[in-house]
Number of protein chains: 2
Amino acid sequence: MPKRVDHAQRRVHVIDALVRVAAAEGLHAVTLRAVAAEAGMSLNLVQYYFQTKAHLLHAALERLEQQSHARWSARLGGLPLPVTAHAFIEAFLTEALPTDEASRAFHLVWTSYAVLAMTDPDLAAQPFAAGPDRLEGQLAAVLRQAQREGALDRQRNAANEAAHLLSLSHGLGTSVLVGQRTADSAMEILRAHLERLFPVPAPSPESAVGQAH
Amino acid sequence: MPKRVDHAQRRVHVIDALVRVAAAEGLHAVTLRAVAAEAGMSLNLVQYYFQTKAHLLHAALERLEQQSHARWSARLGGLPLPVTAHAFIEAFLTEALPTDEASRAFHLVWTSYAVLAMTDPDLAAQPFAAGPDRLEGQLAAVLRQAQREGALDRQRNAANEAAHLLSLSHGLGTSVLVGQRTADSAMEILRAHLERLFPVPAPSPESAVGQAH
DNA sequence: TTTTTCATCGTACAGCGGTACTATGAAAAT
DNA sequence: ATTTTCATAGTACCGCTGTACGATGAAAAA
């Protein structure tokens, strides 16, 4: 065998180029030639690593999901260690909002895929329900844990509250992306909701950890 | 002058065909030929009434907005007359969810336009911020009125609560459209939120009006 | 009756997008 | 040294899409 290139690496290179194009000009502007140009390679190469455009789009969607997973892990791993459910979920949802440029690109492309999934039957629908479903499950688990610890009212339906939070953050994210609202304003709304969800306990001066302003 | 056709009528006919195509196969499948076929006329006619595709898309967006306006008016006009803020807003948001097929089509196409607006600078962006902004204003006004009447806690920020409600309903609508959740489940979450927003007053047996099941 | 105006049609053209086919250099395997 | 294998390149083809350009019938206007 000759030059032996790492296929996986090339593929992520191409996918990243795709995401850049999609974030800048929209998913409808994602053409094999545009992706190839953005990736600095020829059209044939893109075809070589992804036989068809559908494969490329599918792979990109998968990578987006695992990328979001990685970002969340990093974010949540960096939290001060006595993690309250409040802090955990706030970090969770902050990461879901399009605050910086990278996050904006991610959110935009993800939403574009979501719209595709509404009509395209198989290609995008299957991996699309999986991601948010898993997220919702994780969130619900955290909420149930919070209920056990007394941080969250047991009257609430954890699954529904999780769905509520995710839908809210998604909707806020969209409104930020269309320029209707700033990311800060969206954060304010999210935080207000969280503060009602997790009412402040009696202030004990010994804990100086989760003191957000 | 010969046959003298009502242009406005023809235009809405074409636009309705566009919406049908977009709802069934996605906005990316909206081609002049497809719209013409769906409308039962020839390609030239569509060109005749809308000089360019951009004009057609723009006109369709405008119509979508005024259509939603009309639907809301009809819905809210049909409410039992001592309208509580709770009932008003519940109707408002129910109408925003993709419950029946018409509503689903509307929501899908609207979201498709939203995604377009995230990258296309002028064409869709301007009329797109206007619609939701106005809605948010109306909702906030209703909420403030409810605060004056004592139905809503004055601690709340009416503008933020309005944004919260709209973002939530949008997010829930999207999750319904991608098949992650049923419309009923979305309604349940919405209703739960509204019941926390408008805590039930002392039950007075003389009012038998807003008695949802 | 002739002419103008309007709605409608057929068709063509240029560009672009996905896909396929073939070639080529180079490194490993034989 | 020859052969095989792999990464890369060029290019061509076909279909689709937006747009433009004429043609036609018919009804109103002259």
Side-chain angles (χ1 to χ4, degrees), chain A residues 1-22 24-61 109 112-113 116 119-124, chain B residues 1-22 24-61 109 112-113 116 119-124:
Chain A
M1 305 164 181
K3 249 196 329 185
R4 293 306 287 161
V5 174
D6 182 357
H7 273 221
Q9 178 179 321
R10 295 284 178 148
R11 285 168 64 96
V12 308
H13 182 195
V14 174
I15 289 177
D16 288 352
L18 181 150
V19 171
R20 257 174 281 141
V21 172
E25 310 179 45
L27 197 54
H28 58 83
V30 167
T31 161
L32 289 187
R33 287 169 174 84
V35 172
E38 176 70 30
M41 52 176 75
S42 72
L43 168 60
N44 316 277
L45 263 283
V46 179
Q47 278 190 259
Y48 183 67
Y49 290 108
F50 306 88
Q51 282 69 31
T52 174
K53 185 183 183 181
H55 286 163
L56 172 58
L57 288 174
H58 182 74
L61 180 56
V109 179
S112 302
Y113 270 99
L116 266 196
T119 50
D120 282 19
D122 38 44
L123 199 71
Chain B
M1 304 165 183
K3 250 196 325 186
R4 294 304 288 164
V5 174
D6 182 358
H7 273 221
Q9 179 179 319
R10 296 286 178 145
R11 284 167 65 94
V12 309
H13 182 195
V14 174
I15 290 178
D16 289 351
L18 182 150
V19 171
R20 258 174 280 140
V21 172
E25 311 178 48
L27 197 54
H28 57 84
V30 167
T31 160
L32 290 186
R33 286 170 176 84
V35 171
E38 176 71 30
M41 52 177 74
S42 72
L43 167 59
N44 316 276
L45 263 284
V46 179
Q47 278 189 259
Y48 183 68
Y49 290 109
F50 306 87
Q51 282 68 31
T52 173
K53 185 183 183 182
H55 287 161
L56 172 58
L57 288 174
H58 182 73
L61 180 55
V109 179
S112 302
Y113 270 99
L116 265 196
T119 52
D120 281 18
D122 38 45
L123 198 72

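Letters A, B, ... mirror the listed sequences (proteins, then strands); counts begin at 1. Please read these numbers as outputs of a predicted model, since none were measured by experiment. Below, each value reflects all heavy atoms present in this structure, side chains not excepted, and no hydrogens, waters or symmetry copies.
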Does a side-chain N or O from [X] land closer than 4.0 Å to OP1 or OP2 of [N], or not?
{"X": "A/Tyr49", "N": "D/dT8", "answer": "yes"}
{"X": "B/Arg10", "N": "C/dA7", "answer": "no"}
{"X": "A/Tyr48", "N": "D/dA7", "answer": "yes"}
{"X": "A/Thr31", "N": "C/dG18", "answer": "yes"}
{"X": "B/Ser42", "N": "C/dC9", "answer": "yes"}

Which nucleotide sits closest to the side chain of [X]: [options]?
{"X": "B/Asn44", "options": "D/dC21, C/dA12, D/dA9", "value": "D/dC21"}
{"X": "B/Gln47", "options": "D/dT17, C/dT19, D/dA20", "value": "D/dA20"}
{"X": "B/Lys53", "options": "C/dG18, D/dG18, C/dT8", "value": "D/dG18"}

Should [X] and [Y] count as side-chain neighbours, where that means a heavy-atom distance under 4.5 Å?
{"X": "A/Ile15", "Y": "A/Phe50", "answer": "yes"}
{"X": "A/His7", "Y": "A/Tyr48", "answer": "yes"}
{"X": "A/Leu18", "Y": "A/Leu57", "answer": "yes"}

Atom [atom1] of [X] and atom [atom2] of [N]: how far apart are they, to the nearest Å?
{"X": "A/Phe50", "N": "D/dA7", "atom1": "CZ", "atom2": "P", "value": "14 Å"}
{"X": "A/Leu56", "N": "C/dG17", "atom1": "CG", "atom2": "P", "value": "14 Å"}
{"X": "A/Leu43", "N": "D/dA7", "atom1": "CG", "atom2": "C1'", "value": "15 Å"}
{"X": "A/Leu27", "N": "C/dG17", "atom1": "CG", "atom2": "C1'", "value": "15 Å"}
{"X": "A/Leu57", "N": "C/dG17", "atom1": "CG", "atom2": "P", "value": "14 Å"}

| query | 5'-most contact on DNA chain D: A/His7 or B/Leu32, nearest heavy atom basis? | reply | A/His7
| field | Nearest-nucleotide comparison on DNA chain D, the residue closer to the 5′ end among A/Arg33 and A/Asp6 | value | A/Asp6
| task | May I have the step-by-step check of side-chain contact (heavy atoms from CB on, under 4.5 Å) for B/Leu45 and B/His13, ending in yes or no? | result | CA-CA 12 Å; B/Leu45 263 284; B/His13 182 195; over 6 Å; no
| message | Test your reading of the model: is there a side-chain donor-acceptor pair from A/Tyr49 to the backbone of A/Leu56, 3.5 Å cut-off? | response | no
| message | Using the rule given for side-chain contact (heavy atoms from CB on, under 4.5 Å), can you reason through A/Thr119 versus B/Leu27, listing the C-alpha separation, both sets of side-chain angles and the distance that settles it, and then say yes or no? | response | CA-CA 9 Å; A/Thr119 50; B/Leu27 197 54; over 6 Å; no
| query | Considering only heavy atoms, which members of residues 14-21 of chain A lie under 4.0 Å from some atom of DNA chain D? | reply | none
| message | On DNA chain C, does the nearest nucleotide to B/Leu45 precede the nearest nucleotide to A/Gln51 from the 5' side, or the other way round? Give the residue. | response | B/Leu45
| task | Determine, step by step, whether B/Val14 and B/Arg10 satisfy the side-chain contact (heavy atoms from CB on, under 4.5 Å) criterion, reporting the C-alpha distance in whole Å, the side-chain angles of both residues, the deciding distance to 0.1 Å, and the verdict. | result | CA-CA 6 Å; B/Val14 174; B/Arg10 296 286 178 145; 5.5 Å; no
